[in-house]
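Here the structure is a predicted model, which is why all the values come from computation and not from measurement. Within every chain, numbering begins at 1; the chains are lettered A, B, ... in the order of the sequence lines, protein sequences first and strands thereafter.
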There are 2 protein chains.
Amino acid sequence: MNLSVTIKDVAKKANVAPSTVSRVIHNSPTISEKTKRKVRKVLKEMGYHMNENARNLVTKSTKAIGIVMKSSARESLYNPFFPEVIRGIGDFCNKEGYSLSLTTGETEDAIFEDVVKMVQGRRVDGMIVLYSKKDDKVVPYLLKQGFPFVLIGKPSTNMSGITFIDNDNVQAAREVSEFVINLGHERIAFLGGSPEFEVIQDRLTGFQQAMEQAGVDVRQEYIKLIPLNRTDGIKAIDELLELKEAPTAFLVMDLLLGVLLLGVLAEKNLKVPQQISVVCFNHSEFIEFLSTPLTTVDIHTYQLGYEAAKCVFDLIANPEMMEKSISIPTKIIKRESHFVAEKEIK
Amino acid sequence: MNLSVTIKDVAKKANVAPSTVSRVIHNSPTISEKTKRKVRKVLKEMGYHMNENARNLVTKSTKAIGIVMKSSARESLYNPFFPEVIRGIGDFCNKEGYSLSLTTGETEDAIFEDVVKMVQGRRVDGMIVLYSKKDDKVVPYLLKQGFPFVLIGKPSTNMSGITFIDNDNVQAAREVSEFVINLGHERIAFLGGSPEFEVIQDRLTGFQQAMEQAGVDVRQEYIKLIPLNRTDGIKAIDELLELKEAPTAFLVMDLLLGVLLLGVLAEKNLKVPQQISVVCFNHSEFIEFLSTPLTTVDIHTYQLGYEAAKCVFDLIANPEMMEKSISIPTKIIKRESHFVAEKEIK
DNA sequence: TTGAAAGCGCTAACAG
DNA sequence: CTGTTAGCGCTTTCAA
């Protein structure tokens, strides 16, 4: 391992004071071009590189931002949200010369400990919390510490002072519902997602609003709020399809449930889009690999991450900044997973 | 923001020397229980927390390990490898009280810069490189620096002194080929993966070995080495299916290609497993959501990450350690995506 | 325009 | 068993 070259070493070799070397590194305007050239030469010759720890110690900044993952990274396994959002955050941080630090805990408590370590240990300048969960300790802690952080998602009720980035899920669901309604559908199913997530509540609201406005009844038996797994998914789908008046269209809350649905429909020989329309939240390039061209709602995960990073930087630069919330628009990516129902055709 | 409590503050309040506080924190046996109790009380009262930067500066360790991502995190987007391997690494690091630091660059050069910053800036104690690519600068750099690192994958040719973790892909492919051959298949296709990846070469070798040993001809037109995307995938699959003697079994190198294949087969009304057998590398829990029960090869991505982390810790603890390589076994997860061909039935 | 000196918060000899 | 002292490598007044 290369013995490390310090500012002192460089200073000695260049016949200047350490402080001068420091100034050259920071390109201070008070240093003559001549010395700068001289010092830079030695810097290069000796292969100098900054010891970030020393710098951080004195500047009290770390050039790193922390990312709080959902308890159990496992949950992120299924869908591309995690890598996509990291990519967004990473891109912005990279531009600013910042690095990323992840929590590694698996349980809620372990993650909380990670966060405390990052914050109190001054390992990061700011944090991005990748989830929003009720009764979670992380956000309240960060809030109490006055530590700069941004939440991706919607803060749970009655918390203020939080800057967050989210989609307008009410609006997105309304739009997509209108789209399906305008195709002529009236028997529309709302499939998937645990009701405890804000996201699902919002989308449900949007769905109901659209239905109401169109004067179409929302039938409770068409609404299936279920956890994201095969068993519950199959069960819900079967129940829906066995209804005397089975739905003609499905609003699916997650791509994986969409895949599941397509499988079941294929088994039952129900053709998409000829017999059933399907629209699915959380677009991913993955859908290109499916044989059925699925219409999806793109929530722009990358943007979510990118904007979150941006906000955290603003917050770091100006800690007294008012909290704000940013809404990332969603977009319907239309493919042929739906048909124009009779009502419309006539 | 909480003004930070330092060891000095605590020392003053507890009427001891800073070094004593430090010793208490590290639970040094040379401190009397009495002082320990006293100091610990003050520690708690004042909400003391270590400043890691200061500690790192003097101990020259960082309690963090760096992860080098593939250029373009985008590539990792499609499959669960990335989150899974991170989970494995993270679990181990968490046990050791280490945190993770990710490269954020998108281009090869940017990533290289990130690595240099991490290494020279002493931001991490060791690194894990998540890919193995020919002509990549990262591994040679780490090697030259004598910096502790572990490679996930197989080092490109003629590099020694590298500790790496990999699957035995030759063996895995041989096994899975034997499995398919034993089902009675002779027209077996090998689908997918750019030939420039070691992984693909190894699997191809294993496939050929198994075929040879079984005395079955390997037909070149059954081997399709293609990049992982819809267009090329569809093209290759179509070509295979249009052969006068189309394959009766497919060895697919990636889950996504498997999904694509299932779609095409369904469209052509070819039943899996009744008419065609499919075996797919890179198992993921995702396959539970597919309607066709696909037989897959589990490469144990989590383990790959976990073992890599372990190795890096060994290397950090003992830098002079001989390089070694660890092979993570693979496992065939049998489902019903294959049939027993006539040869066997008779 | 540059240098000297102090100190960031911590650890680690070395005394006592 | 505990205190004193001297840095780790860097930045930053303050003086010159």
Side-chain angles (χ1 to χ4, degrees), chain A residues 1-40 42-43 46-64 97 117-123 125, chain B residues 1-40 42-43 46-64 97 117-123 125:
Chain A
M1 178 78 206
N2 245 346
L3 236 20
S4 14
V5 183
T6 73
I7 274 194
K8 263 190 192 160
D9 302 331
V10 176
K12 210 169 294 168
K13 185 126 175 240
N15 277 315
V16 294
S19 47
T20 302
V21 177
S22 175
R23 289 185 184 108
V24 172
I25 290 168
H26 297 290
N27 199 19
S28 155
T30 77
I31 299 285
S32 74
E33 274 309 318
K34 190 157 144 272
T35 355
K36 276 189 185 170
R37 266 196 303 281
K38 183 175 66 181
V39 173
R40 286 205 183 106
V42 180
L43 241 23
M46 304 186 70
Y48 171 83
H49 213 280
M50 174 83 67
N51 180 327
E52 308 265 352
N53 281 316
R55 192 233 287 271
N56 293 345
L57 182 58
V58 30
T59 61
K60 284 148 173 25
S61 107
T62 63
K63 293 267 182 189
K117 238 189 261 168
M118 283 189 191
V119 172
Q120 307 269 36
R122 262 125 275 172
R123 282 172 158 273
D125 293 343
Chain B
M1 178 78 206
N2 245 346
L3 235 20
S4 13
V5 183
T6 73
I7 273 194
K8 263 190 194 161
D9 302 331
V10 176
K12 210 170 293 169
K13 186 129 176 238
N15 277 315
V16 294
S19 48
T20 303
V21 177
S22 176
R23 289 184 186 110
V24 172
I25 290 167
H26 297 291
N27 198 21
S28 155
T30 77
I31 300 283
S32 73
E33 274 309 319
K34 188 156 146 275
T35 0
K36 275 189 187 172
R37 266 197 303 281
K38 182 175 68 179
V39 173
R40 286 204 183 107
V42 180
L43 241 21
M46 305 186 70
Y48 170 83
H49 212 280
M50 175 83 67
N51 179 326
E52 309 266 352
N53 282 316
R55 191 232 288 271
N56 293 345
L57 183 58
V58 32
T59 61
K60 283 150 172 28
S61 106
T62 63
K63 292 269 184 188
K117 238 189 264 171
M118 283 190 191
V119 173
Q120 308 268 37
R122 261 122 278 169
R123 283 172 157 273
D125 293 343

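- Nucleic acid contact for B/Thr30: base, since at least one base atom lies under 4.0 Å from a heavy atom of the residue.
- Nucleotides of DNA chain C lying under 4.0 Å from heavy atoms of chain A occupy a range whose first and last members, 5' to 3', are C/dT1 to C/dG9.
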Pairs under 3.5 angstrom, nitrogen or oxygen only, protein versus nucleotides 6-10 of chain D, please.
residue, atom, partner, partner atom, Å
D/dC8, O3', B/Lys60, NZ, 3.0
D/dG9, OP1, B/Lys60, NZ, 3.3
D/dC10, OP1, A/Tyr48, OH, 2.4
D/dC10, OP1, A/Asn51, N, 3.3
D/dC10, OP2, A/Ile7, N, 2.5

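- Across all non-hydrogen atoms, the minimal contact from B/Ala17 to B/Ala11 is C-CB, 3.8 Å.
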In residues 51-60 of chain B, what donor-acceptor pairs under 3.5 Å come from side-chain atoms, sequence neighbours left out?
residue, atom, partner, partner atom, Å
B/Asn51, OD1, B/Asn53, N, 2.9
B/Asn51, OD1, B/Ala54, N, 3.2
B/Asn53, ND2, A/Arg122, O, 3.1
B/Asn56, ND2, B/Glu52, O, 3.2
B/Thr59, OG1, B/Arg55, O, 2.9
B/Thr59, OG1, B/Ser61, N, 3.4

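- Contact annotation: the side chain of B/Ile25 approaches that of B/Tyr48 to within less than 4.5 Å [non-hydrogen atoms, C-beta and beyond].
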Report all interatomic pairs (protein N or O, nucleotide N or O of nucleotides 14-16 of chain D) with separations under 3.5 Å.
none

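- Put simply, OG1 on A/Thr20 and NZ on A/Lys36 are 12.0 Å apart, with the number rounded to the nearest 0.5 Å.
- A/Ser19 comes within 4.0 angstrom of a base, heavy atoms only.
- Residues meeting the side chain to side chain contact (heavy atoms under 4.5 Å, CB included) test with B/Thr35, sequence neighbours left out: B/Val16, B/Ile31, B/Ser32, B/Lys38.
- Looking at the side chain of B/Thr35, the nearest of the listed nucleotides D/dT2, D/dT12, D/dT4 is D/dT2.
- Residues meeting the side-chain hydrogen bond (donor to acceptor under 3.5 Å, both in side chains) test with A/Lys117, sequence neighbours left out: none.
- B/Ala14 and B/Val42 make their closest contact through CB-CG2, 3.8 Å (heavy atoms, listed as atom of the first residue, atom of the second, distance).
- Fit an axis to the five pairs at each end of the helix from C/dT1-D/dA16 to C/dG16-D/dC1 and the two axes sit 40° apart, to the nearest 10 degrees.
- Applying the side-chain hydrogen bond (donor to acceptor under 3.5 Å, both in side chains) criterion to B/Arg40, with sequence neighbours excluded, gives B/Asn27.
- Across A/Ala64 and A/Arg123, no two heavy atoms sit closer than the pair CB-O, 3.7 Å.
- A/Met46 is listed as a side-chain neighbour of A/Asp9, based on a closest heavy-atom distance under 4.5 Å.
- Listed by chain and residue number, A/Thr6, A/Pro18 satisfy the side chain to side chain contact (heavy atoms under 4.5 Å, CB included) test with A/Lys8 (two or more places apart in sequence, or in another chain).
- Applying a 4.0 Å cut-off to non-hydrogen atoms, the residues of residues 9-16 of chain A that approach DNA chain C are A/Asn15, A/Val16, listed by residue number.
- Under the rule for a side-chain hydrogen bond (donor to acceptor under 3.5 Å, both in side chains), the partners of B/Thr62 that lie at least two apart in sequence or sit in another chain are B/Asp125.
- Judged as a side-chain hydrogen bond (donor to acceptor under 3.5 Å, both in side chains), and not counting sequence neighbours, A/Asn15 has no contacts.
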